[in-house]
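One structure is given here, and the rest of the page talks about it.
Chain A is the first sequence line, chain B the second, and so forth, proteins listed ahead of strands; every chain is numbered from 1.
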2 protein chains.
Amino acid sequence: MASPVRRRAQESRWHTASQVLAWLRLHPGATRAALAQDLQLSSGLATELTGRMRALSLLAEAPAPPQGRGRPTTVLGAHPDGPVVLAIDLRMADWRHAVAGVDGGLRDVTGSRHVSRDPETVLADIRRVIAAVRDRYGHRLRAVALAVAGSIHDGRLAQSATLGWRDVDLTALTAGGTVPLLPGNDATLAGLAEARTGAAVGARAALHLMVEVGIGGAFTVDGQPSTGAHGAAGEYGHQPYGNRSLPCPCGSRGCWDLEIDGRALARHLGLPAPADPRGFARQLLDRAPRDTATRQALEAVAGALGAGIGGLVNVHDPDVVTLGGLAAPLRAAAPEVFAAAYTGGLMAFHRGQPPPVVDAVHGDDGALHGAAVLALDHVTSETALAEWSARPH
Amino acid sequence: MASPVRRRAQESRWHTASQVLAWLRLHPGATRAALAQDLQLSSGLATELTGRMRALSLLAEAPAPPQGRGRPTTVLGAHPDGPVVLAIDLRMADWRHAVAGVDGGLRDVTGSRHVSRDPETVLADIRRVIAAVRDRYGHRLRAVALAVAGSIHDGRLAQSATLGWRDVDLTALTAGGTVPLLPGNDATLAGLAEARTGAAVGARAALHLMVEVGIGGAFTVDGQPSTGAHGAAGEYGHQPYGNRSLPCPCGSRGCWDLEIDGRALARHLGLPAPADPRGFARQLLDRAPRDTATRQALEAVAGALGAGIGGLVNVHDPDVVTLGGLAAPLRAAAPEVFAAAYTGGLMAFHRGQPPPVVDAVHGDDGALHGAAVLALDHVTSETALAEWSARPH
DNA sequence: ACCTTATGCTCGTACCACGAGGATAATGGA
DNA sequence: TCCATTATCCTCGTGGTACGAGCATAAGGT
């Protein structure tokens with residue numbers, strides 16, 4: 001615990017080290033010479049910093065293969081005894097987890113299907129995994145991030161149509177331990193992953209939209225998602241873009257959600273609401289080319305998707321929009337309809353150079369990667385580094 | 001000009017000084033002792049910092065009136081030779097400007113009506129004022145911020161329904177000089193002012209919505225507005241919340257704008273679109289109590305306002321929502337309808353503690369104050385302080 | 001072998017932050 | 001009037017990061 005008086009000096013002490021680790025995650029397998037050049041470190045400072053961080057097990061250096069003339073440099077990587085985080089992605093039918101070191105690489109990616117979708121059972125499973133990882137890594141485990149397909153509010157899972165849960169306390173997962181638990185909405189974290197290592201790399205402001213059951217997303221600026229006051233931001237599916245006569249399970253009416261996912265497709269086809277909207281939509285996407293009615297339903301949905309995205313671009317003014325989950329195949333099913341609705345929804349001055357709408361690159365791994373990013377951001381923060389350095393190594 | 005190599009040291013050198021000036025603006029007329037306590041500065045550091053900043057004309061100290069026992073402290077304020085900024089608010093019928101020092105206080109608030117609304121004429125007027133202020137303050141003038149009732153895109157005024165302008169280059173206003181021009185949307189800057197010194201003080205995340213002609217706003221996190229990639233964020237009026245059959249001057253259809261302002265009121269009353277939607281709405285608000293049809297029109301608008309705000313709360317998850325311009329009286333005209341639509345538009349888990357919707361406190365001065373905040377943020381940044389200190393005094 | 005190139009290391013300097021100890025300037029009571 | 005009390009300011013020695021110059025080192029090229 002840093003004394004409050006020493007606060008400013010403590011933090012500035014780890015400022016550059018934190019920058020180094022952030023840079024390392026963006027450039028895995030990079031050399032020390034490249035680090036010094038990118039961050040404009042003097043060679044003296046690079047020596048001192050890497051030395052200090054090596055001594056603290058924050059960094060490992062290995063001789064780099066010589067490339068041309070000059071003294072060979074070293075390759076930077078995570079230290080074998082360095083801090084690690086646990087990333088968990090809790091989805092409708094299954095959940096997965098992985099361990100990551102400060103270089104951002106995911107290790108031990110493991111998954112298993114839910115035996116029961118009952119909250120108590122699932123949370124007990126997760127608690128078991130956390131305990132197992134803590135047993136294996138000991139004090140090296142510094143944070144656990146949990147991506148959930150539902151709305152997060154002050155550390156609680158407020159509601160999840162996907163899982164059928166309502167107001168589940170997640171903080172209890174690491175209660176008793178000292179490891180912080182960082183929960184996040186799955187679409188928000190997938191957006192974070194796209195911004196850092198995905199289709200939105202290089203963009204200052206990026207909007208990610210993900211369709212599974214309903215539509216969610218994240219707006220990131222300089223790689224930081226806008227989380228709002230209680231971590232509940234990004235619920236784009238619950239904007240009144242739709243038909244006011246349709247009630248939404250969220251409690252509101254006319255939500256965009258209802259115009260986008262499998263429920264909307266079923267409605268357009270005159271079918272009852274499917275139990276598994278995601279699976280239903282996937283089926284339709286597969287058989288679309290052969291079925292006119294299905295194609296028309298997909299066109300309606302693609303249009304609703306494009307028009308809404310146009311409105312969101314007006315609100316957020318992103319450099320780029322990324323599509324995750326079913327959003328990408330939905331657009332691909334009716335690209336002209338989507339494009340017309342998208343540009344039609346933009347304010348005139350955006351139409352000269354509309355932000356490109358690109359498919360996400362992380363696929364189903366987005367939320368898991370994003371959870372790792374969230375946890376590693378926490379671990380490589382200046383205060384967390386100060387804490388880590390206070391322990392013996 | 002700082003050499004790139006010295007960047008890190010230069011910035012950290014001014015880090016605390018920048019914090020001091022930021023704090024001073026939030027606590028005008030505060031004492032040095034209070035500064036040291038709030039920022040947890042050791043008394044030695046407070047001495048050194050204030051001394052350095054006094055020598056650089058960044059700060060003035062005057063003996064504080066003694067209050068009880070103990071050695072009297074000093075009151076901090078802007079130095080009489082310190083840096084200043086020029087804030088300008090360009091509105092439909094008139095424009096105003098003011099000079100501000102680093103303590104944030106607005107001086108010489110002046111206004112004048114447009115003789116002509118022709119862009120060239122108005123911009124020439126503004127150029128004249130900038131030149132006059134520069135003549136008077138010389139190198140002390142460090143930034144000019146310009147609030148405009150229109151959409152900003154990469155430093156240009158992309159379109160303004162209010163002024164009837166389209167794609168006007170604003171950067172030319174200070175061309176030739178070295179003073180940076182910082183343009184901003186008026187609603188965005190009003191939101192900034194509310195977040196720093198208005199109704200949203202203390203909130204981490206705040207949403208400001210302002211109705212004049214159409215509706216615009218700003219989402220601020222920790223006092224920083226989300227500006228997007230090109231400074232065009234916050235165009236809430238151009239989300240497809242409304243009736244798709246209505247074309248909007250922005251080029252899209254069904255914009256929220258068309259459901260909220262004087263044009264919506266006229267439509268509900270079966271009247272043609274008014275030339276001055278703002279004045280028209282003001283008239284109706286005045287005579288509402290005596291006229292049933294008007295009251296019903298106002299109720300429809302208040303409902304559309306509340307429902308949209310509910311959707312935006314789902315998106316942004318703010319701590320508080322502030323209403324500027326006509327938004328406050330529109331709500332007041334039908335508070336029950338507004339409240340029902342607002343909570344009805346919220347996702348269920350927000351309804352337990354919905355973010356309070358409060359009236360803005362800056363009134364018509366919001367954009368001008370926000371422009372001053374924007375300019376002063378620039379001037380008290382670490383790099384700007386480094387530049388200032390490099391000059392002789 | 002020697003030069004060239006690229007990088008790492010050492011060390012003196014500059015500067016901010018910190019904390020302890022003492023100085024200072026007011027009040028208020030004896 | 002004098003002195004204790006209180007709150008603040010100032011001085012100074014220490015610690016720590018960043019910087020840059022100069023030198024050392026380890027390769028490839030000639």
Item checked: Atom-to-atom span, NE2 of B/H15 to P of D/dG16 - whole angstrom -> 20 Å
Note to self: Closest-nucleotide mapping onto DNA chain D: is A/P66 or A/S43 further toward the 5' terminus? I mean the 5' end.
What the structure shows: A/S43
Check: Does a nitrogen or oxygen in the side chain of B/T47 sit under 4.0 Å from OP1 or OP2 of D/dC10?
Finding: yes
Margin query: Once you apply a heavy-atom cut-off of 4.0 Å, does A/G44 come out as touching a base, just sugar-phosphate, or nothing?
Written below: base
Notebook entry, point to check: With distance as the sole criterion, do the side chain of B/T74 and the base of D/dC9 form a donor-acceptor contact below 3.5 Å?
Noted result: no
Next item on the list: Starting at atom CG of B/L76, determine the distance to atom P of D/dT8, rounded to an integer number of angstrom.
Entry: 13 Å
Check: Atom CG of B/L41 to atom C1' of C/dC16: distance rounded to whole Å?
Finding: 12 Å
Next item on the list: For the pair B/D222 and B/R204, find out whether any cationic side-chain nitrogen is under 4.0 Å from an anionic carboxylate oxygen.
Entry: yes
Check: With sugar-phosphate meaning primed atoms plus P, OP1 and OP2, does B/T73 contact a base, only sugar-phosphate, or nothing at under 4.0 Å between heavy atoms?
Finding: sugar-phosphate
Notebook entry, point to check: Parallel, tilted or perpendicular: which fits the ring planes of A/F219 and A/H316, with parallel below 30° and perpendicular above 60°?
Noted result: parallel
Next item on the list: Between A/E61 and B/R71, just flag the one whose closest nucleotide in DNA chain C comes earlier from the 5' side.
Entry: A/E61
Check: Whole-Å distance between C/dA14 P and B/E48 CD?
Finding: 16 Å
Check: In this structure, which one of B/V144, B/I130, B/V85 forms a side chain to side chain contact (heavy atoms under 4.5 Å, CB included) with B/V179?
Finding: B/V144
Note to self: When you compare the side chain of B/V84 with that of B/V133, does any pair of heavy atoms fall below 4.5 Å?
What the structure shows: no
Item checked: Min side-chain heavy-atom separation B/T16-B/M53 under 4.5 Å -> no
Checklist line | B/A36 or B/G70, whichever maps to the more 5' nucleotide of DNA chain D | finding: B/G70
Note to self: Please report the distance, rounded to the nearest Å, between CZ in B/R69 and C1' in D/dC3.
What the structure shows: 11 Å
Check: Rounding to a whole Å, what distance do you find between A/Q19:CD and D/dT17:P?
Finding: 15 Å
Check: In whole angstrom, what separates A/R54's CZ from C/dC9's C1'?
Finding: 12 Å
Check: Would you say D/dT17 has OP1 or OP2 under 4.0 Å from some side-chain N or O of A/R52?
Finding: yes
Checklist line | For atom CG of A/L45 and atom C1' of C/dC15, their distance in whole Å | finding: 15 Å
Margin query: Does C/dC9 have OP1 or OP2 under 4.0 Å away from a side-chain N or O of A/R32?
Written below: yes
